[in-house]
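These notes concern the structure reproduced below.
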Amino acid sequence: MTTRSLVAADLLALIDAMPTGDLCAETLTLSRDSMASMYAGAQDSAILCQQRAVQGPPDAPDVNIRIFHPDQSHDTGRYPGILHIHGGGMVAGMAAMNDAANARLAAEQGAVVVSVDYRLAPETPFPGPVEDCVAVLDWMQRYGSAINIDPARIVITGESAGGGLAAATALIARDRAMPPLAGQLLTYPMLDPRTGSPEGRDNPSTGEFIWTRGSNQFGWTALRGREDIAPDRLGHYAPALATDLSALPPTMIAVGALDLFLDEDLDYAVRLVRAGVAVECHIYPGAVHGFDLIANSAAALMLRRDVEAALRHMLRDRTAA
């Protein structure tokens, strides 16, 4: 069965431009190089980005971050903070590839955006990548005031693998009694290692394009590594495996109707609701994984509108109400 006829017309160019086949060990280097080339070709020297390193997890290297500030020419107060985690299937990508989007987000939301260059699998399996993200969140909460972040108004965001790592970071923050987040915004998050396996759901309308079942299994296997994962850390590895989703921050989940992650994302949203978490969920018809790469597509414009509205709500200054 092919689902091409279900893809929105303004997204057909995206699926035609993307490589076909599954990501695997043999194609990983090429995929990483391709992402790096795409970023290099899209660099904008006008984007102002502060780069620094913060203390990483115990016995691990420092974590590189990229910081984007709103216009501070007329205001020296504290701003909301947004921790952004990039996508790439747990095995590829870099924080810099989201520079333009993060600079725009900082300006539009009047927030300080911090983007994290977490270590990638398979070179660094679980828990390395997510602990890098937790270390940056901890730094924002403890020391973010030095860059004008209000620690009481921090939202965590991410796309695809970054959405999965954002969800896992929120779970770890709760489990370690870190200060509560103002929200989590998960865009087609990668949450469940069972998707694409014999024990996963088989939805024939999802996963044909961009991120396939085989690619998903490769990404999760790379992250899994060779070490056993303790039962109480399974949710930190894969949020869909968490048994307790209570006491998590207000959540927005957005996913395309043809995305491989549709079923796992909807299931996570329903489980959050059942656990008493405030949830906003959006499904975009005709949209495949990564649909927002076509920035002027109808689905991408809807996503941008929904993200902006959700962030304004999550980041509002509650003390001013």
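Numbers for residues simply follow the sequence, beginning at 1. Hydrogens, waters and symmetry mates are skipped; everything else that's a heavy atom, side chains included, is used.
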Backbone of Glu264 reached by a side-chain donor or acceptor of Arg194 within 3.5 Å: no

Atom pair OH/CZ of Tyr188 and Phe291 - distance to nearest 0.5 Å: 6.5 Å

Aromatic centroids of Tyr79 and His69 separated by under 6.0 Å: no

Worked check of side chain to side chain donor-acceptor pair (under 3.5 Å) between Glu208 and Thr2: CA-CA 7 Å; Glu208 181 179 0; Thr2 179; 3.0 Å; yes

Spacing of Leu185 atom CG and Ile253 atom CD1 [to the nearest 0.5 Å]: 9.5 Å

Residue pair Glu159, His84: steps toward the side chain to side chain donor-acceptor pair (under 3.5 Å) verdict: CA-CA 9 Å; Glu159 305 82 34; His84 175 260; 2.9 Å; yes

Test: Arg4 and Asp16 ion pair at under 4.0 Å: yes

Ile85/Thr157 under side chain to side chain contact (heavy atoms under 4.5 Å, CB included): CA gap, chis, key distance, verdict: CA-CA 6 Å; Ile85 307 175; Thr157 73; over 6 Å; no

Atom pair CG (Leu266) and CD1 (Ile283), whose distance is rounded to the nearest 0.5 Å: 4.5 Å

Ring centroid separation His289 to Phe261 under 6.0 Å: yes

Full working for side chain to side chain donor-acceptor pair (under 3.5 Å) between Thr212 and Asp22: CA-CA 6 Å; Thr212 63; Asp22 298 335; 2.5 Å; yes

Stepwise side chain to side chain donor-acceptor pair (under 3.5 Å) test for Asp192 and Tyr268: CA-CA 9 Å; Asp192 195 337; Tyr268 199 68; over 6 Å; no

Ring centre gap for Tyr237 and Phe126 strictly below 6.0 Å: yes

Under-4.0 Å salt bridge between Arg66 and Asp117: no

Pairing of Asp267 and Arg201 as salt bridge, 4.0 angstrom limit: yes

Pair Glu123 + Arg119, salt bridge at N-O below 4.0 Å: no

Short side-chain donor-acceptor distance under 3.5 Å, Tyr284 and Asp306: yes

Any side-chain heavy-atom pair of Leu245 and Val277 under 4.5 Å: no

Salt bridge Glu131-Arg233, side-chain N to carboxylate O under 4.0 Å: yes

Check: Tyr143/Asp138 side-chain N/O donor and acceptor closer than 3.5 Å: no

